[in-house]
Amino acid sequence: MVDAVVLAGSPNNGPLKECSPVRHEALIPLGAKTMVEHVVDALLQARQVDRVLIIGPAEDLSGLSFDHRTSMAPSQGGILENIEAGLKILSGAKRILLVTSDIPLLTPQAVDDFLELCGDMAGDLYYPVIEKMV
């Protein structure tokens, strides 16, 4: 089993601002859920994910409802600071999956497939690379 850290602190000040005026990209609505809710749901449905920690704007995320396996922590600054905070909070975890909140089409199957491809996870870091078909 792995624990997951969802990075949800990016401000909505890029091209997605045209889609939604919310302050953070993670909170952009897609249907009845926000982007971060879609990501967290996929992680919680994956066979190999135990706990999920969301690092993001605590005041904005507090209005969302998540499973008991999900916890939240406030953003600590940029992406590296948020990764460091997540790793510290989950310091007892043997394996940690880092996921961004801007992939709402993530599926439980994709999460499980990626983790299976990592094999025995003897390496320090695994990063998915997907070939672009032209």
Side-chain angles (χ1 to χ4, degrees):
M1 294 294 278
V2 301
D3 290 333
V5 173
V6 178
L7 303 170
S10 293
N12 186 19
N13 57 9
L16 293 177
K17 184 83 171 171
E18 294 178 28
C19 301
S20 174
V22 297
R23 294 184 335 161
H24 293 89
E25 286 184 3
L27 300 170
I28 293 174
L30 289 173
K33 299 179 185 177
T34 62
M35 287 207 302
V36 70
E37 288 174 296
H38 286 285
V39 171
V40 170
D41 286 350
L43 291 168
L44 291 173
Q45 291 173 39
R47 292 185 323 270
Q48 300 181 59
V49 175
D50 187 18
R51 299 177 297 166
V52 175
L53 170 65
I54 305 167
I55 307 281
E59 66 281 356
D60 295 331
L61 291 170
S62 65
L64 302 177
S65 177
F66 293 104
D67 179 291
H68 70 279
R69 296 183 295 152
T70 306
S71 58
M72 293 181 231
S75 292
Q76 300 299 306
I79 189 168
L80 293 178
E81 293 85 3
N82 288 335
I83 291 171
E84 183 179 11
L87 295 177
K88 282 182 182 175
I89 292 168
L90 296 177
S91 64
K94 186 173 180 182
R95 296 179 180 104
I96 296 175
L97 177 66
L98 292 174
V99 183
T100 59
S101 63
D102 61 353
I103 49 173
L105 298 180
L106 182 67
T107 65
Q109 182 67 43
V111 173
D112 286 329
D113 287 348
F114 173 71
L115 293 172
E116 297 243 347
L117 288 170
C118 294
D120 65 3
M121 296 188 197
D124 291 333
L125 177 70
Y126 294 87
Y127 187 84
V129 177
I130 301 171
E131 181 180 347
K132 179 180 179 181
M133 302 296 281
V134 181

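None of these values were measured; they are calculated from a predicted model.
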message: Return the CE to CD1 distance between Met72 and Ile55, rounded to the nearest 0.5 Å.
response: 11.0 Å
query: When rounded to the nearest 0.5 angstrom, what distance separates CG in Asp50 from CZ in Arg95?
result: 12.5 Å
statement: Between the CD atom in Glu37 and the OG atom in Ser101, the distance rounded to the nearest 0.5 Å is 11.5 Å
- request: Might you work through the side-chain contact (heavy atoms from CB on, under 4.5 Å) test for Leu16 and Met35, ending with a clear yes or no?
  value: CA-CA 12 Å; Leu16 293 177; Met35 287 207 302; 4.3 Å; yes
Expected output: side-chain His24 to main-chain Gly56 donor-acceptor under 3.5 Å: no
field: Side chain Gln45, main chain Ala42, donor-acceptor under 3.5 Å
entry: no
- line: To the nearest 0.5 Å, atom CG of Leu90 lies from atom NZ of Lys94 at 16.0 Å
Single-linkage hydrophobic cluster Val39~Val111, side-chain heavy atoms < 4.5 angstrom: yes
field: Polar side-chain atom of Asn82 near backbone of Gln76 as donor-acceptor pair, under 3.5 Å
entry: yes
- request: Give a yes or no on whether Leu98 and Phe114 share a hydrophobic cluster (residues Ile, Leu, Val, Met, Phe, Trp, Tyr; joining criterion: side-chain heavy atoms under 4.5 Å apart).
  value: no
message: Any side-chain to backbone donor/acceptor pair from Arg51 onto Arg69? Under 3.5 Å, distance only.
response: no
field: Spacing of Ile89 atom CD1 and Ser71 atom OG [to the nearest 0.5 Å]
entry: 7.0 Å
field: Side chains of Ile28 and Asn12 in contact at under 4.5 Å (non-hydrogen atoms)
entry: yes
task: Using atom types as modelled and distance alone, determine if a side-chain donor or acceptor of Asp112 lies under 3.5 Å from a backbone N or O of Ala46.
output: no
statement: Partner of Val99 under side-chain contact (heavy atoms from CB on, under 4.5 Å), picked from Ile54, Leu106, Leu7, is Leu106
query: Given side chains that start at C-beta, do those of Lys33 and Asp41 come closer than 4.5 Å, heavy atoms only?
result: yes
task: Establish whether Ile83 and Val6 are linked, either directly or via other cluster members, by ILVMFWY side-chain heavy-atom contacts under 4.5 Å.
output: no
message: Quick one, Pro74 and Pro57 - any side-chain contact, counting heavy atoms below 4.5 Å?
response: no
- prompt: So, for Ile96 and Ala93, which heavy atoms are closest and what is the spacing to 0.1 Å?
  reply: CG1-CB, 3.9 Å
- prompt: Taking 4.0 angstrom as the limit, do Asp60 and Arg23 come out as a salt bridge?
  reply: yes
message: Within this structure, what is the OG1-CG distance for the pair Thr107 and Leu43, rounded to the nearest 0.5 Å?
response: 10.5 Å
task: Kindly check if the number of other-residue, nucleotide or ligand heavy atoms within 6.0 Å of CD1 (Ile79) is above 12?
output: no
- prompt: Are Asp113 and Gln109 close enough that a side-chain donor and a side-chain acceptor fall under 3.5 Å?
  reply: yes
- request: Show your working on side-chain contact (heavy atoms from CB on, under 4.5 Å) between Thr70 and Val40 and close with a plain yes or no.
  value: CA-CA 8 Å; Thr70 306; Val40 170; 3.9 Å; yes
query: Would Val22 end up clustered with Val36 when hydrophobic side chains under 4.5 Å apart are linked, directly or stepwise?
result: yes
field: Cluster link Leu53 to Ile103, ILVMFWY, side chain under 4.5 Å
entry: no
message: Less than 4.5 Å apart, side chain to side chain, heavy atoms only: is that true for Tyr126 and Leu115?
response: no
query: Got a donor-acceptor contact below 3.5 angstrom from the Asp3 side chain to the Val52 backbone?
result: no
message: Please check: side-chain N/O of Asp102 versus main-chain N/O of Glu25, any donor-acceptor pairing under 3.5 Å?
response: no
query: Are Met1 and Val49 side-chain neighbours, meaning at least one heavy-atom pair lies under 4.5 Å?
result: no
query: Are any of the side-chain nitrogens in Glu116 or Arg47 under 4.0 Å away from the carboxylate oxygens of its partner?
result: yes
